[in-house]
Amino acid sequence: MSTAEGVADERLASSSVLRRLLVRPELGALIGAVVVFVFFAVLSPTFRSPAGIANWLDPASTLGIMAVAVALLMIGGEFDLSAGVLTGTTGLAVTIIATRFGLNVWLAVAISLVLALVVGLFNGLLVVRTGLPSFIVTLGSYLVLQGLNLGVTKVLTGNVLVGGLVGRHGFSSAHLVFSSSVVLGGTYFKVSIVWWLVLTALATVVLLRTRFGNWVFAVGGDQVAARNVGVPAARTKVLLFLTTATAAWLVGTITALRNTSAQADAGVGDELTFIVAAVIGGCLLTGGFGSAIGATFGALIFGMTSVGIVYAGWDADWYKLFLGAMLLLAVFANRLVRRYAERRRG
Amino acid sequence: MSDHDGGPERSDVPEVPVQATPGVSGGGAPLLAVESVSKYFGSVIALSEVSTSARAGEVTCVLGDNGAGKSTFIKMLAGVHRPDRGGIWLDGTRVEFGSPREALDAGIATVYQDLAVVPLMSVWRNFFLGAEPRRRFGPVSLFDVAAARRITREQLAAMGIDVRDTDQPVGTLSGGERQAVAIARAVYFGARVLILDEPTSALGVKQAGVVLRYIAAARDRGLAVVFITHNPHHAYPIGDRFLLLNRGRSMGDFGKDEIDQAELTRLMAGGAELEELAHELARTDGAAPPDSGARASRLLAEDADELGRE
């Protein structure tokens, strides 16, 4: 028996500063964002001008709102493939209810939120009750919603584009809240940027400084262990699905009010972009690790690239190629970092 | 996968006639008394008529080979399974747990071999997982991270564990340290009965010794410890009571004065079966000197010891 051995043998080597920095999930995305910014800022003076910045912050904001919510869900160990098409569903709901049924825009926005929460609840309950992979469950609801968006829109309006929000009751005040612009130093910034920054801060506080945040990491990291110590795993996951649904509602509403119309195929394909932004931001596909700020940096990279390519005078067709390369790079970097951080000692 | 949140209906449990609290005779009432519990899974008898007890400040060891029913036994104490027959008494009161949470609330904490912690989460996040301290800031209540870090460091230090950086992921700790974190956690959250599921089996000799010291520390803080193991060398030095299981049946429930280490080891190693095997092997060895049977027997007994050590 070796109980006489000193406890000193069990001591841990203290982590180096570098190691502690590297285990931050958002570090890779931060570096990536800086590199992309410098790259396009050198190429194009417009890109680094205030108007240019406002221009690329705009697509980054709506993507960022979704990426942050999707990141929370991925840290909780699940996917939501229906999140993209749900932004279309909610936008269509606002537009159709306000224009075809003549309800106040605010009421239409509220009903749209209820619809989104029903979809989120459906996804969440189906995943936790059946134990099926959320990838499959939400792939199913993605296709269902895609079909509904087209089918219902055509039946109700006979068209795939629903317009005419302008001038409806409550439109101007709703437009002010969701889709107006804020003047800052003579430049117009979209108000969605404010929503994005506020939600990133909120998600970060929830994740790192609340009990719920601790549960999110736990159910994504090891659901059985979490349950064994009394974490309500099912409730935590359902709440995360409701969060992505709420984010989809916000983005759908912002987009519909901004365009004063909604398209039946809106949001299709965006779900993968959200996941890519979250992964670039340091989220592990296996769950239990990631950050909201990282997802925001991931969205920023997307926004800067999509606008920067145009400013640099290149064909926008190259955008997807760039994103694919970014994703692969991020996944490799994340894996290296995680291996380094997790390397067991003793 | 069974859903731990749910648990079977209460009506599934057959009525057991009211009886006096078992195990009360001598030395004061045990904190935890298990009386004639049986558990069936369909036609499989996982556990049959098993009894033992655990006192505050003492260690009860549950020994058995693979498939002996050890895990079924602890899962009943932990509230995962309900006994089909017999019952569990805590502080002289009959208890029935519908979920692990209920067992935990009653003061029975279980530290599973692998399932106690989330590897990617930091030590302090794991320590308070499911019982996060909170502080109100105006209308919102936030996870009191500063207190969590401080208490984690203090509690680990009180158990003789020096984790300088509680921010590191639990996955980077050694197996013994992970067990220690889980034990310290259970102690801090007011567990009165601590169930340890094979805490030493995956560890090397040195690490196992360290974990045994943590078990002693928990015992000295007044907990009743139920220590599940298949290694008599780990059990005997620390145990006060020994329950031996074999194929779902109790081979005896001994106080420390009723059994010595040699006998415990012999029972664990399969006793008679092993001696028979030794004779068999000795007969095949024709060229060996006359005392070869005894030698082979001794060597096999040593092998059995080694096996017990994994």
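Only a predicted model underlies this, so the values are computations on that prediction, with no experimental measurement involved. Computed from heavy atoms alone, side chains included, the values below leave out hydrogens, waters and symmetry copies.
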With side-chain contact (heavy atoms from CB on, under 4.5 Å) as the criterion, how do B:Met121 and A:Asp222 come out once you've worked through the C-alpha distance, each side chain's angles and the decisive distance to 0.1 Å? CA-CA 10 Å; B:Met121 291 172 77; A:Asp222 188 336; over 6 Å; no
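Proximity of A:Val205 to B:Leu142: side-chain heavy atoms (C-beta onward) are separated by under 4.5 Å at one or more points. With a 4.5 Å cut-off on side-chain heavy atoms, A:Leu284 and B:Leu120 count as touching.
Taking a 6.0 Å sphere around CZ of A:Arg235, one finds it holds 12 or fewer heavy atoms contributed by other residues, nucleotides or ligands. Within 6.0 Å of CZ on B:Arg135 lie no more than 12 heavy atoms contributed by other residues, nucleotides or ligands. At most 12 heavy atoms of other shown residues, nucleotides or ligands fall within 6.0 angstrom of atom CZ in A:Phe122.
Going from atom CG of A:Asn214 over to atom CZ of B:Phe143 covers 4.5 Å, rounded to the nearest 0.5 Å.
The nearest pair of heavy atoms linking B:Arg125 to A:Phe217 is NH1-CD1, 4.4 Å. Taking all atoms of both residues into account, the shortest heavy-atom contact from A:Ala226 to B:Leu129 is CA-CD2, 4.4 Å.
Of the atoms belonging to B:Arg134, it is side-chain heavy atoms, and not backbone ones, that fall under 4.5 Å from chain A.
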